[in-house]
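Order of listing sets the numbers, starting from 1, for every ligand and every atom in it. These values consider heavy atoms only, across backbone and side chains, with no hydrogens, waters or symmetry-generated copies.
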Amino acid sequence: IANKDFEGEYKQTSLIYNQTEIKRILLVGLGKEDEIDSEKLRSAGFLIGKKQRELKSGLVHIAPAMQIDKEADIIIPVAEGVLYSKYDFTKFKTDKKDKNKRASYHFFGIHLQDRDAVNYELKRIETMHEGITLTRDLGNMPSNYLTPVILKNNVQNEFNNSRSVKIEVLDKKELAALKFRLLLSVSQGSKQDPCLIILRYKPASAKGKKIVLVGKGVTFDSGGISIKPPASMDEMKFDMAGAAAVIGIMKSVEKLKPQNEIIGVIPAVENMPGGNAVKPGDIIKAYNGKTVEILNTDAEGRLILADALSYAVKRFKPDIVIDFATLTGSIVAALGDKMAGIFSNSSELVNIFKEAGDSCGDRVWPMPMLDAYSKDLESKYADIVNLGGRWGGAITAAKFLENFVSETDWVHIDIAGTANDVKNIDYLPNGATGYGPRLFFRVLPALQNKK
Ligand code: BES
Ligand code: ZN
Ligand code: ZN
């Protein structure tokens, strides 16, 4: 430092070798103190974790070398970055090189005063990351290894022995008996059977809002008869990222045991152009009785969500419904890959999510729900069509969903841009990002105070 070799610039590092008990010291720059934010801290944590793996060091002590007021605000994002650095998806690599991912870390701050509060938060964030890891693993699985039924099997393996989360599955027959016709219309072109997975968490004395989470679970989206162009079609294995987010959240809910009753609902289908596939022009009656003219079979997410939403609202009568869905390419055109679009019938909820997103890193940007957009969905022959006009596709998709939530407070998060392969956020490398759980657990305490 005296030689000015290390000036603490953001992401500048210097490795010092020592002959005492502490053999290696890694200095990590955070930049100007008043410009530090939680995203920089996460990236710094990620950098520490990467270096730890590279050096194959077992335990790393991390010490913030600065005066801090609220310790958790600094330490938690750094810890998160370290946790992200431990993730990789090598299931299908026959030569697994890097075996050091279980290396542990430990925080000690020169000025740490509130050690208990910090440790409590660290435990919480680690539990949350177990859920995020599950979200990412499911997201990264190719569709031949993750059909709707295999997804269901995986979820059963995760929750079968759970005392606090109960799993329930509706298979194809039961879905037909219950008249989930929109959902079934999407899966009828595929040889893979659909299903609806329900995860229910209810604490002994539930308090606060009852929350339903719905996640789009299209294990592969070929587009169906309105087939997609070949470029990047492989990315459509991520079209179940919303489902994976809900499953990951429920995994952490199981351990974090919040006070609220929380229910996850996952419609799982594969969208294929088989001989029995639904065709443009077909009219299908939704679970809630509305008739839908299918103009484009690639707008399938809103169809399975429609039935899942109206079923969940009717059966569980929640105070709040939140859906996560890789719903439209249009949201990627609008917001790119660093913010998800948020749509809601409650401006209060939008504000809560916006603030939570900014602080936790799973960011959202408010999108309009003006009624005039619904005009795009008028049908010549049925109640509505499943395809909006040329522009504003993310908005018309949200307006379509609005038909299926009745008056319930509802938030729709379009994660088509943020679910995978996000560029230029250091701690999120290739593949599934695990978007969703962080946002949910940051929002949850704020929901308690909602009117
Ligand atoms: N799964 C896609 C949306 C998507 C696009 C996710 C790109 C991730 C990256 C969705 O089912 C879809 O195909 N949407 C169409 C809708 C259109 C036909 C109205 C779209 O956005 O192009
Ligand atoms: Zn599609
Ligand atoms: Zn899709």
Which of the ligand 1 atoms, numbered from 1, are nearer than 4.0 Å to a heavy atom of Lys228: 2 (C), 12 (C), 13 (O)
Enumerated ligand 1 atoms positioned under 4.0 Å from heavy atoms of Thr326: 1 (N), 2 (C), 3 (C), 6 (C)
Shortest protein heavy-atom distance from [atom], along with the residue and atom involved:
| atom | answer |
| --- | --- |
| atom 7 (C) of ligand 1 | Met236 CE, 3.8 Å |
| atom 22 (O) of ligand 1 | Gly329 N, 4.2 Å |
| atom 10 (C) of ligand 1 | Leu327 O, 3.3 Å |
| atom 17 (C) of ligand 1 | Leu387 CD1, 4.1 Å |
| atom 6 (C) of ligand 1 | Ala416 CB, 3.6 Å |
| atom 16 (C) of ligand 1 | Arg302 NH2, 3.9 Å |

Residue and atom, protein N/O/S, under 2.8 Å of the Zn ion (ligand 3): Lys216 NZ, Asp221 OD2, Asp239 OD2, Glu300 OE2
cation_pi(Lys251, Phe159) dist<6.0 Å, angle<=45: yes
Donor-acceptor pair between Asp383 and Thr291 side chains, under 3.5 angstrom: yes
Mutual orientation of the aromatic rings belonging to His412 and Trp410 [parallel < 30°, tilted 30-60°, perpendicular > 60°]: parallel
Working for side chain to side chain donor-acceptor pair (under 3.5 Å), residues Tyr87 and Asp137: CA-CA 9 Å; Tyr87 185 84; Asp137 278 344; 2.7 Å; yes
Short N or O distance, Asp298 and ligand 1, threshold 3.5 Å exclusive: yes
Within-cut-off N or O pair, Asp221 and ligand 1, under 3.5 Å: yes
Lys/Arg-Asp/Glu bridge criterion (N-O < 4.0 Å) met for Asp193, Lys172: yes
Any Phe316 side-chain heavy atom under 4.5 Å of Ile198 side chain: yes
Lys237, NZ atom: more than 12 neighbouring heavy atoms under 6.0 Å: yes
